[in-house]
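Heads up: numbering here begins at 1 and tracks the sequence.
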Amino acid sequence: MRSPIDDYLEQVLNDYRDTDDGAVMTGNRELEKADPSSFGIALATVDGTVYTAGVADVEFSMQSIAKLPAYALALRDRGLDAVLDRVDTEPSGDAFNEISLEAETGRPRNALINAGAIAIHAMVDGGNATERVERIADLVGTLAGRELTIDEDMRDAEMASDDHNTALAYLLRSAGKLDYEPEEVVDGYAAQCAITVTCRDLAMMGAVLANGGLSTTSEDDRLLEGWITRHLLSVMATCGMYDGSGSWMTKVGIPAKSGVSGAILGVLPGQIGVAVWSPKLDDQGNSARGVAVFERLSRDMELHMMHVAPSGMPALRSVTEHDDETVVEIQGDVRFAGAEIIASRACQGFSTKSVVLDLTHVRVMDDAARRLVREVARRLEDSYDARVEDPNGLMDEGTDDQDTPDQHGTGQGDTEKR
C-alpha cells in the first residue's frame, strides 16, 4: 500500500510548484546556475521511515546548514564553556553575513551567522582546514547514513566570493576569537559549505537530531551526544532563520536552519526531521517555497512545537488491591509530569500492607522521572513492604549518554533509558 503521507507531500509540492516568489542567490557563480524550478521535500521519522516528493534525491551544497555539524564537533571537541567563551547564543536580529560582534567581548552573537560559524569552524579539532572539513563531512555522512563528498567547483566559487567572510575572520582574529590564520579558516569554512547533500540526507540528519542523537536505523546506536543535540536545537529555534527567526517560530514553530542554496532543515523534537529544497530565496535568504511548505506542514499536521495535545496514555495505568497488596501500574513514556502523578497518588496512602510499583508497561523513562520514582519507592518503604517491579531495567543508572556538559564537554547527568 502506498502511504497517504507520500500523497500528501506530493499534493503540497504541487500546490506550491507555481509559486514564483524570491530569486536565486547571486554573487556566487555556481549558486547562480541553480535551476529555479527545482523543488524537493523529504520527511523522516525517528523510526527511520522516509517520505519524499519531487527531486528529493538531487544533490546540492549544504551552505549554512553545514554550520550545524561543525557546531556539534566544536562542542564535542572543546566543551560548552570553551565554545561559549568564543561564540554567544543570542539572536542577532541581523542578516546572516552582518558584523554582529559583542562590543565588550568581541564574541559573535551566535554560531549560525557567518561570523559565529567562522569562529566555530576554527574550534573543530584538526591539523588544518582539510582535516577539519573531512571531520565535518564525516559527521554529516554518519547522520545521513551515507558517504558524502565536497563539490570542488562550489568550493572554488565560495572562495572567489569570500572577501566579506575573510574580513569577518580578520575581525575575529583581532578580537582574540580566532587562533588560526584568517585565510586558512575561511578556506575551510568555504569547503564545509560545499558539502553536497540531498533532501533525503537532510531529513535523515534531522530525524537523528529529533531522536536526541540516537540513530533512527539501528537500535540504541548513539551518533551524537544528547546535550549537544539539545544545544543545537535550542540555537536553531532562536537563531536558525536569521533575522526572520522570530516570525518563523511564531508561524511554523519548528527549530530550523536554512542555507542559500535553497534548503531548509527543520527538526521537531521526538517526532520528525523535514527538509525542503528550492533555490529561489526571500529577502531573509531563506527558500521562498521552503518557508511556504513549512508553514503549510505546521498548520496541516499540527507540528508547531508549542502545540501540545492532551496525553492519550496517562502514566498511572491502574491501582489495584489483592491479598493485602496494592499494585500501582505505571505505563507509557514517563517523564517528570508522569512521575509526579505517581508521587501524588503515593502521598494519599494505601490500605494494604504491601505496595508494588509495577513498571512492566513503561516504554521509556527519563532521569528526572527515574529519580522521583526511586525516591517515592524509598519513602514507601518507611510505611509499607514496598518494592519495584522493573523487568526492563528502567531504574538502572544510565551510562550511554551525558546530558549535562561540564567545562570539558563531558556530562554528569543520567540518561533517558529505553
Side-chain angles (χ1 to χ4, degrees), residues 46-47 79-80 209-215 219-231 233-234 269-271 308-418:
V46 294
D47 66 359
L80 181 59
L209 295 176
N211 204 30
L214 290 171
S215 171
E219 188 172 350
D220 288 338
D221 186 8
R222 178 158 293 284
L223 306 181
L224 204 58
E225 293 85 344
W227 71 268
I228 292 178
T229 302
R230 184 176 62 226
H231 186 89
L233 293 177
S234 299
Q271 296 195 50
V308 180
S311 174
M313 182 181 288
L316 186 60
R317 179 185 176 95
S318 66
V319 180
T320 58
E321 294 183 8
H322 183 70
D323 293 338
D324 206 26
E325 180 178 82
T326 299
V327 177
V328 180
E329 287 189 294
I330 308 170
Q331 67 179 357
D333 296 1
V334 182
R335 295 180 171 83
F336 171 78
E340 186 279 331
I341 293 173
I342 309 306
S344 178
R345 177 61 185 85
C347 288
Q348 297 174 26
F350 304 99
S351 61
T352 58
K353 179 180 179 180
S354 300
V355 177
V356 178
L357 300 181
D358 187 353
L359 308 185
T360 301
H361 299 286
V362 175
R363 189 186 74 91
V364 62
M365 178 178 287
D366 70 13
D367 185 52
R370 184 183 307 111
R371 289 197 304 267
L372 184 51
V373 171
R374 185 180 293 124
E375 181 63 16
V376 168
R378 187 188 69 80
R379 296 188 181 197
L380 285 173
E381 290 175 353
D382 294 339
S383 304
Y384 306 92
D385 179 10
R387 70 181 192 276
V388 177
E389 289 289 340
D390 184 20
N392 300 314
L394 293 167
M395 296 296 288
D396 296 341
E397 293 289 338
T399 57
D400 62 334
D401 183 28
Q402 307 295 335
D403 267 344
T404 307
D406 63 16
Q407 62 181 343
H408 303 295
T410 59
Q412 299 169 338
D414 293 337
T415 184
E416 185 176 86
K417 294 290 289 183
R418 296 173 181 266

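- Residue Gln331 comes nearest to Val362 through the heavy atom pair N-CG2, 3.9 Å, listed as atom of the first residue, atom of the second, then distance.
- Residue Asp367 holds its CG atom at 13.0 Å from CZ of Phe336, rounded to the nearest 0.5 Å.
- Rounding to the nearest 0.5 Å places CZ of Arg371 at 8.5 Å from CG of Asp366.
- Considering Glu389, Arg317, Arg387 in turn, Glu389 is the only one that fulfils the side-chain contact (heavy atoms from CB on, under 4.5 Å) rule with Asp358.
- In terms of modelled atom types and a separation under 3.5 Å, the side chain of Ser344 and the main chain of Glu340 share no donor-acceptor contact.
- With contacts defined as side-chain heavy-atom distances shorter than 4.5 Å, the pair Glu375/Arg379 qualifies.
- Between Val327 and His322, every side-chain heavy-atom pair lies at or beyond the 4.5 Å cut-off.
- Side-chain atoms of Arg335 never come within 3.5 Å of backbone atoms of Ala368 as a donor-acceptor pair (strictly under, hydrogens ignored).
- Between Leu359 and Asn392 the shortest side-chain heavy-atom distance does not fall below 4.5 Å.
- The closest donor-acceptor contact from the side chain of Asp390 to the backbone of Met395 lies under 3.5 Å.
- Proximity of Leu80 to Trp227: side-chain heavy atoms (C-beta onward) are separated by under 4.5 Å at one or more points.
- Closest approach of Tyr384 and Thr352 over heavy atoms only: CD2-O, 3.3 Å.
- The shortest non-hydrogen separation linking Val334 to Ala339 is CG1-N, 3.8 Å.
- Separation of atoms OG1 (Thr229) and CG (Leu223) is listed at 9.0 Å; rounding is to 0.5 Å.
- Note that OG of Ser318 is 10.0 Å distant from CD1 of Ile330, once rounded to the nearest 0.5 Å.
- The nearest pair of heavy atoms linking Ala377 to Leu357 is CB-CD1, 4.0 Å.
- In this structure, Asp324 and Ser351 approach most closely via the heavy-atom pair OD1-O, 4.3 Å.
- Rounding to the nearest 0.5 angstrom, the gap separating the CG atom in Asp396 from the CE atom in Met365 is 11.0 Å.
- Put simply, CG on Asp385 and OG1 on Thr326 are 11.5 Å apart, with the number rounded to the nearest 0.5 Å.
- Shown here for Gln271 and Ala210, the closest heavy-atom pair between the two residues is N-CB, 4.2 Å.
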